[in-house]
Structure formats: structure tokens, C-alpha cells
Amino acid sequence: MDTHQAIVIGGGIGGLTAALALHRQGVPVTVHERAASLEPVGAGLALAPNALRALDRLGVGDRLRALATPHPAVGVRHPSGRWLARTDTAAFETHFGDTIAAVARAEVIDALVDALPAGTVRTGSPAELVDPGAAGDPTSPAAPAAPAVVRTADGEQAAGLVVAADGIRSASRGLLFPHHPGPRYSGFTTWRTIVPTPGRYPAAAGEVWGRGRLAGIVPLAGDRVYVYGAALAPAGARAADGDEKAELLRRYGTWCAPVPELLAAADPARVLRHDVWELADPLPAYHRGRVALLGDAAHAMCPFQGQGACQAIEDAVVLAAGVGPGADPAAGLPGYTAARLPRTTSIVTGSRRVGALVARRSPVAALLRDTALAVAGLLPDRVLLSRADATYNWHPPTPRHTA
């Protein structure tokens with residue numbers, strides 16, 4: 001067994017970041033992606049300071065910062081347009097030492113792929129974990145090392161490390177932890193699209209909260225705006241006429257500007273709708289044998305803190321930081337679980353709590369929520385921002401070795 005070979009299952013942001021982080025540590029790595037190409041979902045992504053620090057470690061943070069569009073403030077509004085809470089962007093950057101870089105998901109994918117050696121990513125290449133293997137125990141001859149085994153179109157391949165970044169329906173997770181209940185429907189469905197806006201709309205940023213639903217507006221570079229919505233709905237529900245743009249206009253068409261105007265300008269073919277499923281029950285570990293679970297496969301969460309992709313990026317950097325020169329790449333997996341499980345469990349819980357606030361549908365409950373937001377908005381920026389310290393002030397660990 002070549003204990004230095006790593007296989008990544010899944011070519012999303014988490015899987016590609018893991019591949020780049022392992023490559024930086026001198027580990028030969030191959031990414032297997034089922035899709036025929038890495039054409040990303042047409043949506044935006046907010047890279048918070050914790051994720052940007054991790055991407056800095058990999059040498060791509062500044063490229064992505066340069067692609068972000070600055071905006072003066074961000075906050076939450078009532079559907080009437082009244083601000084409930086607003087934070088000055090300069091105050092945010094002073095407090096956390098960095099910004100939130102809003103970029104298209106495609107731009108993150110491109111940055112990661114461009115930093116990898118040619119041929120690292122194999123598209124149209126489904127991969128299936130067959131055997132998690134065993135890292136072995138040098139103090140116990142009865143527990144010898146054994147490779148992990150992954151089945152691809154080229155046959156079964158042995159690896160010293162497998163990174164399972166195969167998403168919320170992870171087959172790898174099912175093999176590692178067959179008794180775990182798996183993902184649970186959050187009660188929310190979401191819509192996402194990117195709308196071209198050639199100078200017609202102001203650079204408003206933030207969310208509008210209604211009763212049991214919200215809409216978000218995130219300006220992107222190149223005269224584009226990322227628009228998203230989330231609303232309580234039965235799992236699997238879809239627009240009666242199949243037109244999700246029309247469904248968005250039915251739900252948000254009377255809200256404050258520029259929400260209706262942006263939705264009216266959207267291309268119906270580019271409006272994506274997905275139900276939100278989460279791993280509400282934490283896994284017992286994020287590894288077994290020679291396999292590490294990463295991103296949604298390990299801790300799928302509601303989107304209400306904007307940390308799903310950010311936590312996958314953190315996972316990747318922490319995982320690779322435990323790989324030492326010439327060492328078995330699976331030796332650091334217990335440390336990976338120890339570092340990631342408590343942090344991500346807390347963030348999953350926090351995202352669910354924010355979702356519970358959005359879910360308030362009765363007029364009285366929504367009024368109480370909005371009043372609480374407005375009162376919090378009166379607090380000094382440093383007090384308001386300090387509530388996010390535990391999430392945003394994370395720093396990546398120092399790698400044991402850099403190739």
C-alpha cells in the first residue's frame with residue numbers, strides 16, 4: 001500500500017479544498033467527481049473571515065477577495081423596507097480583521113482547480129468507498145494497518161487516506177456509520193439565482209425577514225446580484241406550474257425594493273430550488289479507519305449562518321494540517337475528529353436556532369422577533385459583532401509540514 005496516496009470522493013468546494021490542502025502537504029491526491037464537468041451551481045457564496053484565513057493558508061484567499069464587491073453595510077430588514085438591524089462594513093472589518101467576500105461559487109471552484117496540478121480532478125468518474133481500511137496501531141501487532149479501498153471506473157484502488165466529500169446523501173457516511181439516522185428535513189425549502197444588474201439596482205446587501213420566510217440580496221462583481229429565498233414548505237413541494245420564478249414572485253413580489261425587481265429580472269431557467277436537509281444528530285466521529293468525512297457528509301446544516309461551505313473549507317485545512325512529512329496520512333484522523341466535531345456541532349445548532357426565528361409565522365411571534373432584532377440593532381457594533389466571535393475568529397492550525 002502506498003500510504004501517501006489520497007483519494008477524494010466529490011469535487012465540490014470541500015473536496016477541492018481538501019485536495020489542495022493535501023497537495024500543499026506533499027500528499028499525492030486524486031479527486032473523483034461523478035458529474036461530467038465542474039460546472040458549479042449558479043449561486044453565490046459568502047466567504048466569512050474564518051474561511052478566508054483557511055484559503056489564505058492555501059494561497060487563494062487574496063484572489064477571491066479581489067473578486068468581491070464591497071458594500072457599505074449589511075443587515076436585516078422588514079418586508080416594508082424598515083431596517084431592523086444594520087452593521088457598518090468598516091466596523092465588521094475592524095472587529096474581525098477581515099471582510100466577508102461575496103463571490104460566485106464558480107469563482108471559488110476555478111480558484112481551487114487552478115491551484116491544483118493538472119489531472120488531479122477527474123470528472124465523469126463516480127467513486128464508491130468499499131472498505132474504510134485501518135490505520136493500525138504500532139503498539140498492537142494484532143491491529144495491523146490496512147488500506148482503504150475505493151471502487152472507480154478503473155477498478156478498485158487502495159489508498160492511505162480517503163476524504164469522503166460526497167455530500168449530504170453521503171454513501172460513505174452510510175458505510176462508516178450504518179446506524180446513524182442520517183439527514184432530517186429542516187422544514188425549509190430554498191431558491192437561488194444570480195441576476196445580471198447593469199447598474200440598475202443599489203448595492204444593498206443583507207436579508208429581508210418575513211413570517212416563515214426570508215429573501216437575501218448579495219451584490220457580486222460584474223454587475224450581478226445573488227438573490228436567494230428560504231421559506232417553510234413541505235418536503236418535496238414544487239411550484240404548481242413548474243415555474244419557480246413565478247413562485248418567488250408570488251411569495252416576495254410585494255416586498256420592499258429591490259427584491260421584486262430582481263426577481264422579475266431573473267432567468268426562470270436559472271432559478272434553483274432545493275429543500276434543506278441537515279444532520280441534526282451529530283455523528284459519533286468524523287473518521288473511521290482511513291476515511292475522513294468532510295463538509296455536508298459530516299455536518300450538513302441549515303444555511304442561516306452562511307457557514308456550510310466555510311466549515312467544509314475549515315475541515316479541509318485542519319485535516320491536511322495533521323499530515324506530517326513521510327507519515328501515514330491517516331494517523332492524524334483522531335485529531336481531526338477531536339478538532340472538528342465540537343466546533344461544527346455548535347455551528348449546526350446555531351444555524352438551526354436562527355432558522356427557528358425565521359420560522360415564526362404568527363403575527364405576534366414575528367413582531368416579538370422583529371422587536372428583539374431592532375433592540376439588538378441599537379447596540380454598539382462591537383457588542384453586536386462580538387456575538388459572532390466564536391465563529392469568525394477561528395484561525396487555521398499550523399501544518400506539521402509544508403511541501
Side-chain angles (χ1 to χ4, degrees), residues 1-43 45 54-55 58-60 63-64 104-133 146-176 286-298 309 312-313 315-317 319-320 323 328-330 333 336 403:
M1 176 185 65
D2 180 0
T3 59
H4 294 285
Q5 178 187 3
I7 292 175
V8 177
I9 303 176
I13 287 175
L16 293 172
T17 307
L20 180 56
L22 289 167
H23 168 66
R24 295 281 195 241
Q25 294 297 97
V27 179
V29 60
T30 304
V31 179
H32 291 273
E33 168 54 42
R34 179 181 300 273
S37 69
L38 288 181
E39 295 178 4
V41 173
L45 190 65
L55 293 168
L58 304 181
V60 297
R63 169 173 169 169
L64 294 169
R105 189 174 293 265
E107 293 163 343
V108 182
I109 296 288
D110 288 346
L112 295 169
V113 171
D114 289 350
L116 285 165
T120 298
V121 182
R122 300 182 184 179
T123 55
S125 179
E128 176 188 4
L129 178 66
V130 176
D131 188 333
V149 179
V150 174
R151 182 182 296 120
T152 71
D154 297 324
E156 293 189 349
Q157 300 183 36
L161 175 66
V162 174
V163 180
D166 47 349
I168 191 169
R169 302 292 177 184
S170 171
S172 304
R173 182 184 65 236
L175 179 65
L176 299 187
Y286 288 169
H287 78 284
R288 180 182 159 205
R290 294 184 169 274
V291 181
L293 295 169
L294 183 147
D296 282 351
I313 291 168
D315 288 345
V317 171
L319 175 66
V323 178
D328 183 341
L333 292 184
Y336 169 69

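Scored by the side-chain contact (heavy atoms from CB on, under 4.5 Å) test, Pro117 finds His23, Thr120 as partners (sequence neighbours excluded). Legend: residues meeting side-chain contact (heavy atoms from CB on, under 4.5 Å) with Ala127, ordered by chain and number and at least two apart, are Ile9, His32, Val150, Thr152. In this view, Glu128 and Arg151 satisfy the side-chain contact (heavy atoms from CB on, under 4.5 Å) rule, not counting sequence neighbours. Under the side-chain contact (heavy atoms from CB on, under 4.5 Å) criterion, Ala115 pairs with Leu20, Arg24, Val60, not counting sequence neighbours. In this view, Thr30 satisfies the side-chain hydrogen bond (donor to acceptor under 3.5 Å, both in side chains) rule with no residue, not counting sequence neighbours. Residues forming a ring-ring contact (aromatic ring centres under 6.0 Å, His included) with Tyr336 (at least two apart in sequence, or on another chain): none.
Atom OG of Ser172 and atom CG of Leu294 lie 11.5 Å apart (nearest 0.5 Å). Separation of atoms CD1 (Ile313) and CG (Leu58) is listed at 9.0 Å; rounding is to 0.5 Å. Rounding to the nearest 0.5 Å gives a distance of 11.0 Å between CG of Leu161 and NE2 of His287.
Every pair tested for salt bridge (charged side-chain N to carboxylate O under 4.0 Å, His left out) that includes a residue from residues 157-166 fails, sequence neighbours excluded, so the list is empty. For residues 108-119, the set of pairs meeting the salt bridge (charged side-chain N to carboxylate O under 4.0 Å, His left out) definition, not counting sequence neighbours, comprises Arg63-Asp114.
Heavy-atom minimum distance, Leu175 versus Pro132: CD2-CD, 4.4 Å. For the pair Gly11 and Ile109, the tightest heavy-atom approach, listed with the atom from each and the gap, is O-CD1, 4.4 Å. Of all non-hydrogen atoms in Val31 and Gly10, the two that sit nearest each other are CG1-O, 3.7 Å. The two residues Val149 and Leu129 have their closest heavy-atom pair at O-CD1, 3.6 Å. Between Ala164 and Ala297, the closest heavy-atom pair is O-CB, 3.6 Å. When all heavy atoms of Ile168 and Asp296 are compared, the pair lying nearest together is N-CB, 3.7 Å.
The backbone N or O of Gly160 lies less than 3.5 Å from a partner atom in the side chain of Arg290, making a donor-acceptor pair. Not a single donor-acceptor pair under 3.5 Å links the side chain of Gln25 to the backbone N or O of Val27.
For the side-chain contact (heavy atoms from CB on, under 4.5 Å) test with Leu293, the passing option among Leu176, Val163, Leu319, Asp315 is Leu176; the others fail.
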